[in-house]
*Asks:* 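Dropping a structure here in structure tokens format, bear with me for questions.
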Amino acid sequence: MNLVKADTNKIFKAGYVALIGRPNVGKSSIINSMLKEKVVAVSSKPQTTRNAIRCIYTSENEQIIFVDTPGIHQPQHVLGEFMIQEVKDALSQVDLICFVVEAGDQSIGTKEEIILNTLSSVNIPVLLVVNKVDKLSNTEFYKKTSELYSDRLTLLEAVPVSATKGFNIDVLAKKIGKYLPEQPCIYPEDMLMDATERFLAAEIIREKILEFTEEEVPHGVAVIVEEFKNPEEYPELKVAEIRATIIVDRAGQKGIIIGKNGSKLKEIGTAARKDLVEKFGYPIFLQLWVKVKPGWRKSTVELRKLGYSF
Ligand SMILES: Nc1nc2c(ncn2[C@@H]2O[C@H](COP(=O)(O)OP(=O)(O)OP(=O)(O)O)[C@@H](O)[C@H]2O)c(=O)[nH]1
Ligand SMILES: [Mg+2]
């Protein structure tokens, strides 16, 4: 009897939270760290995230629906414009913004100026998340970074974290929960992400291309999963069959991705298959093709075909 009463009285918080920041500050890494699972692509190259992706963290007390967003930058092509539009759309849907910055930021750069202007024009509370505090000789030095930003923007508070070390990520979850509206779960408790299997597979493959290639190649690449047949839907199959096409901007990039005697593509395929098996839980037959589509990032039609639809 007591138990039932206690449950009824329990306050549960749920809501949407956008992670906003310049490229490479660790927005996607914070989500993976909080969900204790690799759900979104992470890389050392800026502009890894291209779509606003919903990832769901559920605990006893709160459900946080993170909207991971592309890093804010000055767009150079239609793809960049799409990415910035994704950020703007995300901002119109959330209860709270986590403004992610890097510990050790000494001054406010042009990218942060754009972000500060955007954040001050929307009427949504902002929590400052100072990531990568593991890089500081003393964690308390994060206060210098938080002062830099709190001088320019009204902040709820500042939370120092390290996504890669898992430092203070639990504290961040509780602090976010505090600012969310009181309501029941929005998504099922066991759901980690609101995305299709095809999208997840394409992102895993793209992440490996980011990892194994340099300079302009990562930015010139898109991945489209043409076919995804899994043994649950096709019981006659013993393994899942995934056929994906890697789209590149120029013929030279095709050569780099394929590598000498196909060695680079093999490396990308092997690493991607390992993660795909882990993610989907069944053996996988992965077939990768590389196709050149000059200027695809500048073509609204091509972008739409690749799922970057305005
Ligand atoms: N030292 C350190 N590195 C981190 C931390 N969090 C993320 N990184 C690294 O920073 C790089 C960028 O991480 P991402 O999570 O992809 O950054 P992002 O903000 O999502 O980047 P975009 O999607 O490009 O906007 C990766 O190499 C991460 O391993 C951290 O707490 N400490
Ligand atoms: Mg990201």
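For the numbers below, each heavy atom of this structure counts, side chains included, while hydrogens, waters and symmetry mates do not.
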*Asks:* Report the residues that fulfil side-chain contact (heavy atoms from CB on, under 4.5 Å) with L237, sequence neighbours left out, ordered by chain and then residue number.
*Replies:*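 Here the qualifying residues are K229, Y234, E241.
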*Asks:* Is the number of heavy atoms from other residues, nucleotides or ligands under 6.0 Å of E60 CD greater than 12?
*Replies:*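 Not more than 12 within 6.0 Å, no.
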*Asks:* Does some side-chain heavy atom of L136 sit less than 4.5 Å from a side-chain heavy atom of Y142?
*Replies:*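 Touching, per the 4.5 Å side-chain cut-off.
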*Asks:* For the pair S28 (side chain) and V40 (backbone), establish whether a donor and an acceptor sit closer than 3.5 Å, ignoring hydrogens and angles.
*Replies:*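 Flag not set: sc S28 to bb V40 has no pair under 3.5 Å.
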*Asks:* Does S33 reach the main-chain N or O of S29 with its side chain, forming a donor-acceptor pair under 3.5 Å?
*Replies:*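 Looks like no, no N/O pair under 3.5 Å.
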*Asks:* Is any side-chain heavy atom of L128 closer than 4.5 Å to a side-chain heavy atom of V101?
*Replies:*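 Yes, their side chains come closer than 4.5 Å.
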*Asks:* Is a side-chain donor or acceptor of S299 paired with a backbone partner of W296 at a separation under 3.5 angstrom?
*Replies:*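 Side chain of S299 to backbone of W296, a donor-acceptor pair under 3.5 Å: no, none is there.
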*Asks:* Between F199 and L35, is there a shared hydrophobic cluster once you connect ILVMFWY residues whose side-chain heavy atoms come closer than 4.5 Å?
*Replies:*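 Both belong to a single hydrophobic cluster.
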*Asks:* Regarding R152 and E113, does a basic nitrogen lie under 4.0 Å from an acidic carboxylate oxygen?
*Replies:*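 So R152 pairs with E113 through a salt bridge.
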*Asks:* Take R198 and E203 through the salt bridge (charged side-chain N to carboxylate O under 4.0 Å, His left out) test and state the conclusion after the steps.
*Replies:* CA-CA 9 Å; R198 281 175 190 243; E203 285 288 276; over 6 Å; no
*Asks:* Flag the pair K208 / D275 as yes when at least one side-chain heavy-atom distance between them is below 4.5 Å, and no otherwise.
*Replies:*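 The answer is yes, as the side chains (C-beta and beyond) meet within the 4.5 Å cut-off.
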*Asks:* Tell me whether the guanidinium CZ or amine NZ of K144 lies under 6.0 angstrom from the six-membered ring centre of F141 and within 45° of its axis.
*Replies:*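 That pair qualifies as a cation-pi contact.
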*Asks:* Check the surroundings of atom CG in N261: do more than 12 heavy atoms from other residues, nucleotides or ligands lie under 6.0 Å from it?
*Replies:*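 It does not: N261 CG has 12 such atoms or fewer within range.
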*Asks:* Ring centres under 6.0 Å, that's the criterion: do F99 and Y149 meet it?
*Replies:*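 Between Y149 and F99, which both carry aromatic rings, the centre distance is below 6.0 Å.
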*Asks:* Is V292 close to I247 at the side-chain level, that is, under 4.5 Å between some pair of heavy atoms?
*Replies:*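 A side-chain contact under 4.5 Å is absent here.
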*Asks:* Would you say V17 and Y57 are hydrophobically clustered, going by side-chain heavy atoms of ILVMFWY under 4.5 Å?
*Replies:*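 Per the 4.5 Å side-chain linkage, V17 and Y57 are co-clustered.
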*Asks:* Within the structure provided, determine whether N131 and I30 are in side-chain contact (heavy-atom separation under 4.5 Å).
*Replies:*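 Yes, their side chains come closer than 4.5 Å.
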*Asks:* Evaluate the side-chain hydrogen bond (donor to acceptor under 3.5 Å, both in side chains) criterion for residues Y187 and D194: first the C-alpha distance (whole Å), next the side-chain angles of each, then the deciding distance (0.1 Å), finally the verdict.
*Replies:* CA-CA 9 Å; Y187 279 93; D194 189 358; 2.6 Å; yes
*Asks:* Tell me whether R250 is salt-bridged to E216, with the criterion being a basic N under 4.0 Å from an acidic carboxylate O.
*Replies:*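 Yes, charged N to carboxylate O under 4.0 Å.
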*Asks:* Are E37 and N32 close enough that a side-chain donor and a side-chain acceptor fall under 3.5 Å?
*Replies:*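 E37 vs N32: no donor-acceptor pair found between side chains.
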*Asks:* Which pairs count as salt bridge (charged side-chain N to carboxylate O under 4.0 Å, His left out) when at least one residue sits in residues 75-96, sequence neighbours excluded?
*Replies:*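 For residues 75-96, and leaving out neighbouring residues, there are no salt bridge (charged side-chain N to carboxylate O under 4.0 Å, His left out) pairs at all.
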*Asks:* Taking only residues two or more places apart in sequence or in another chain, which ones pass side-chain contact (heavy atoms from CB on, under 4.5 Å) with R297?
*Replies:*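 side-chain contact (heavy atoms from CB on, under 4.5 Å) list for R297, sorted by chain: H77, L79, H219, D249.
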*Asks:* Is the shortest side-chain heavy-atom distance between L288 and I205 below 4.5 Å?
*Replies:*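 In contact.
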*Asks:* Between the side chains of K13 and E62, is the shortest nitrogen-to-carboxylate-oxygen separation below 4.0 Å, so that they form an ion pair?
*Replies:*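 So E62 does not pair with K13 through a salt bridge.
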*Asks:* For K279, does the NZ atom sit with more than 12 other heavy atoms under 6.0 Å from it, leaving out its own atoms?
*Replies:*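 Atom NZ in K279 is crowded, with more than 12 foreign heavy atoms closer than 6.0 Å.
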*Asks:* Show your working on side chain to side chain contact (heavy atoms under 4.5 Å, CB included) between T69 and T49 and close with a plain yes or no.
*Replies:* CA-CA 7 Å; T69 68; T49 305; 5.9 Å; no
*Asks:* Enumerate the salt bridge (charged side-chain N to carboxylate O under 4.0 Å, His left out) contacts for residues 99-108, please, sequence neighbours excluded, ordered by first and then second residue.
*Replies:*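 Pairs touching residues 99-108 that pass the test: R22-E102, R22-D105, E102-K132, E102-K135.
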*Asks:* Kindly write out the residues that satisfy side-chain contact (heavy atoms from CB on, under 4.5 Å) with Q106, not counting sequence neighbours, or none if the list is empty.
*Replies:*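 If we apply the side-chain contact (heavy atoms from CB on, under 4.5 Å) test to Q106, skipping adjacent residues, there are no hits.
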*Asks:* Just checking, any donor-acceptor pair under 3.5 angstrom between side chains of T58 and Q63?
*Replies:*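 Side chains of T58 and Q63: pair found under 3.5 Å.
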*Asks:* Is a side-chain donor or acceptor of N168 paired with a backbone partner of V171 at a separation under 3.5 angstrom?
*Replies:*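 Not confirmed, N168 side chain does not pair with V171 backbone.
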*Asks:* About how many Å separate CG of L286 and CZ of F228, when rounded to the nearest 0.5 Å?
*Replies:*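 Taking CZ in F228 and CG in L286, the distance rounds to 10.0 Å.
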*Asks:* Would you say the side-chain atoms of N51 pair up with the backbone N or O of I53, donor to acceptor, closer than 3.5 Å?
*Replies:*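 No; judged by distance alone, with no hydrogens or angles, the pair does not exist.
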*Asks:* I'd like to know whether I246 forms a side chain to side chain contact (heavy atoms under 4.5 Å, CB included) with I209, so could you lay out the CA-CA distance, the side-chain angles of the two residues, the decisive distance to 0.1 Å, and finally the verdict.
*Replies:* CA-CA 9 Å; I246 300 168; I209 300 166; 3.8 Å; yes
*Asks:* Got a second to check how far M191's CE is from C55's SG, nearest 0.5 Å?
*Replies:*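 The distance works out to 10.0 Å.
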*Asks:* Is there a path from I124 to F66 through hydrophobic residues (I, L, V, M, F, W, Y) whose side chains come within less than 4.5 Å of each other?
*Replies:*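 Different clusters.
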*Asks:* Is the shortest side-chain heavy-atom distance between L276 and I242 below 4.5 Å?
*Replies:*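 Heavy-atom side-chain distance check passes, below 4.5 Å.
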*Asks:* Can you establish whether the number of heavy atoms outside E189 located under 6.0 Å from its atom CD is more than 12?
*Replies:*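 Incorrect, the count does not exceed 12.
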*Asks:* Quick check against the 3.5 Å criterion: does K264 have a side-chain atom that pairs as donor or acceptor with the backbone of F212?
*Replies:*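 Yes.
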*Asks:* Would a distance-only check, ignoring hydrogens and angles, find a side-chain to backbone donor-acceptor pair under 3.5 Å from Q76 to Q74?
*Replies:*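 It does hold such a pair.
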*Asks:* Name all pairs fulfilling the salt bridge (charged side-chain N to carboxylate O under 4.0 Å, His left out) condition that reach into residues 169-181, sequence neighbours left out, sorted by first residue then second.
*Replies:*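 Checked against salt bridge (charged side-chain N to carboxylate O under 4.0 Å, His left out) - neighbours excluded - the pairs reaching residues 169-181 are E157-K175, E157-K178.
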*Asks:* Has K111 got more than 12 heavy atoms of other residues, nucleotides or ligands less than 6.0 Å from its NZ?
*Replies:*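 No - once you tally the heavy atoms of other residues, nucleotides and ligands closer than 6.0 Å, there are 12 at most.
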*Asks:* Under 4.5 Å between any side-chain heavy atoms of Q287 and F285, yes or no?
*Replies:*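 Heavy-atom side-chain distance check passes, below 4.5 Å.
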*Asks:* Would V225 and L200 show up in the same hydrophobic cluster when neighbours are defined by side-chain heavy atoms closer than 4.5 Å?
*Replies:*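 Per the 4.5 Å side-chain linkage, V225 and L200 are co-clustered.
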